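This report concerns only the one structure given below.
Predicted, not measured: the structure shown is a model, and the values here were computed from it.
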Amino acid sequence: MRKVLSFSLFLMLGLVASQLLPDLFGSSYSTFKAYSDTLLYVCLAFIMINVGREFEIDKTRWRSYATDYFIAMVTAALPWLLIACYYIFVLLPQEYWANGDAWRENLLLSRFAAPTSAGILFTMLAAMQLSKSWIYRKIQVLAIFDDLDTILLMIPLQMLMIGMKWQMGVIVAIVVVLLMIGWRWQGCWDARQDWKRILGWAIVVSGLTLGIYFATKYLYGPENSIHIEVLLPAFVIGMLMKHRSIDTPTERRVATGISFLFMLLVGLSMPQVTGAVDTVAEGAATGSVTASQPMMSWYVIALHVVVVSALSNIGKMMPMFFYRDRKLSERLALSVGMFTRGEVGAGVIFIALGYNLGGPALIISVLTLVLNLILTVFFVLWVRKLALRSYTPEELSEA
């Protein structure tokens with residue numbers, strides 16, 4: 001419980017700091033921001049390598065995973081689409097309802113609601129001695145596929161944002177090659193997997209992706225640069241590793257510390273929301289529909305946060321309508337387990353910032369993430385209560 005609440009605390013601290021530091025640093029804030037964003041990429045790569053390490057499937061039974069992937073895809077897509085429609089039809093004036101730019105921006109921004117936090121969920125369920133249950137085994141598959149689906153869908157969303165340029169062809173080719181490598185040699189790399197080595201690979205991945213971006217930006221300009229997000233390359237590196245469970249106090253402290261730092265940096269990357277007139281002017285200057293919207297009162301934002309949280313969790317209830325051979329309590333537990341949010345969703349919000357998205361929708365997205373993190377403890381306790389109803393005596397004795 002303390003760990004999950006700390007995620008929310010660090011995210012909120014970063015959000016508060018993001019409003020104070022620009023005025024405090026003045027003209028040197030841009031330099032500070034560049035360093036903090038680079039560190040954020042390294043933390044995100046570290047987290048995604050660990051997510052990839054958890055991705056273990058039996059390739060000889062790949063057809064049996066088709067149903068699970070479909071369910072995970074629907075479970076990720078429904079909250080995403082519900083929130084995108086909410087942002088369009090509720091937060092924006094009517095003249096933007098048929099606006100292509102508004103749809104592109106909100107389809108990207110609302111994707112934060114798609115991924116389930118695999119790391120947080122697995123850790124808490126295992127600590128509650130549910131690792132032998134059908135719910136735990138099935139939710140492992142769905143949550144990993146959930147994250148994978150989010151990573152893959154970022155590619156067409158990027159295409160929508162920057163258009164069909166030759167640079168997108170290069171990005172798609174890189175994605176295809178990475179996926180082929182990951183599938184062909186999954187779990188074949190007998191590499192060291194202590195935190196130092198994983199952090200080293202995270203630095204390498206971040207350096208390569210940023211290096212490609214800055215090189216192409218220098219050659220072709222910022223509009224035609226090649227920006228490969230660290231999500232997929234880091235995930236594939238984790239896939240290649242033959243999974244080893246290194247569960248030591250030091251490993252846990254470092255992994256937790258990097259996750260805390262990541263949440264702090266995500267909050268820190270948020271734009272200033274004070275001064276509604278200036279915010280609207282800056283958003284209009286960048287050509288962003290979402291960033292050009294006037295800021296709402298905090299009371300109205302709070303109401304939107306509650307509604308968006310409800311919509312995202314309603315969308316995550318899809319597993320309850322599948323696996324009809326299992327008890328209703330098990331299917332409900334599986335659905336509630338998918339409510340948890342974490343680092344990957346925060347990473348999507350950070351990527352959205354790279355496209356100058358902002359305004360009330362961005363603040364609502366961040367605070368929705370915070371609210372779901374706070375509620376994660378209650379979600380997992382609810383899952384445990386439902387899971388124990390369906391546990392057999394043999395499973396209880398094994399646990």
Side-chain angles (χ1 to χ4, degrees), residues 8 11-12 14-16 18-19 76-115 150 153-154 156-158 160-162 263 266-316 341 344-373:
S8 303
L11 187 58
M12 287 301 297
L15 186 59
V16 172
S18 70
Q19 307 306 301
L78 191 56
W80 165 51
L81 295 175
L82 285 174
I83 294 174
C85 290
Y86 185 85
Y87 283 171
I88 290 288
F89 297 119
V90 178
L91 298 187
L92 293 181
Q94 188 172 351
E95 59 263 28
Y96 290 111
W97 290 1
N99 184 288
D101 290 336
W103 277 101
R104 282 193 291 270
E105 292 178 13
N106 284 283
L107 282 171
L108 175 60
L109 183 57
S110 59
R111 193 64 186 168
F112 84 94
T150 297
L153 195 61
M154 293 303 293
L157 289 175
Q158 283 181 277
L160 286 174
M161 293 301 296
I162 69 174
M263 299 305 281
V266 168
L268 195 57
S269 65
M270 296 298 116
Q272 279 188 299
V273 297
T274 54
V277 175
D278 293 339
T279 303
V280 173
E282 290 173 7
T286 62
S288 170
V289 173
T290 54
S292 65
Q293 299 307 303
M295 194 53 59
M296 304 170 179
S297 69
W298 288 108
Y299 172 75
V300 175
I301 285 178
L303 290 178
H304 286 304
V305 168
V306 172
V307 175
V308 169
S309 298
L311 287 175
S312 67
N313 291 334
I314 288 171
K316 286 289 184 180
R341 305 290 190 275
V344 178
V348 172
I349 292 175
F350 175 69
I351 291 169
L353 283 166
Y355 292 97
N356 297 314
L357 306 189
L362 179 69
I363 302 303
I364 291 167
S365 299
V366 174
L367 295 180
T368 299
L369 187 66
V370 171
L371 178 59
N372 275 274
L373 280 167

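- Scanning all heavy atoms of the two residues, the minimum distance from Ser365 to Tyr87 falls at OG-OH, 2.7 Å.
- To the nearest 0.5 angstrom, Leu362 atom CG is 9.5 Å from Leu367 atom CG.
- The main-chain N or O of Trp97 is found under 3.5 Å from a side-chain atom of Trp103 such that the two form a donor-acceptor pair.
- The CG atom of Leu92 sits 8.0 Å away from atom OG1 of Thr290, with the distance rounded to the nearest 0.5 Å.
- Two residues are said to be in side-chain contact when any heavy atoms from C-beta on lie closer than 4.5 Å; Tyr96 and Leu91 fail this criterion.
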Next on the checklist: Using side-chain contact (heavy atoms from CB on, under 4.5 Å), reason through Thr368 and His304 one step at a time and then give a plain yes or no.
Outcome noted: CA-CA 9 Å; Thr368 299; His304 286 304; over 6 Å; no
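- The heavy-atom pair separating Arg111 from Ala76 by the smallest distance is NH1-O, 3.7 Å.
- Of all heavy-atom pairs spanning Ile83 and Leu311, the tightest one is CG1-CB, 4.5 Å.
- Across all non-hydrogen atoms, the minimal contact from Val307 to Tyr86 is CG1-CE1, 3.4 Å.
- Checking side-chain atoms of Glu105 against main-chain N and O of Val289 turns up a donor-acceptor pair under 3.5 Å.
- Ile364 pairs with exactly one of Leu109, Val308, Val300, Leu303 by the side chain to side chain contact (heavy atoms under 4.5 Å, CB included) rule, that one being Val308.
- In this structure, Ser110 and Asn106 approach most closely via the heavy-atom pair OG-O, 2.6 Å.
- With a 6.0 Å radius and a threshold of 12 heavy atoms from other residues, nucleotides or ligands, Glu95 has its CD atom above the threshold.
- Residues Gly359 and Met295 share a closest heavy-atom pair of C-CE, 3.9 Å.
- Leu107 places a side-chain heavy atom less than 4.5 Å from the side chain of Leu81.
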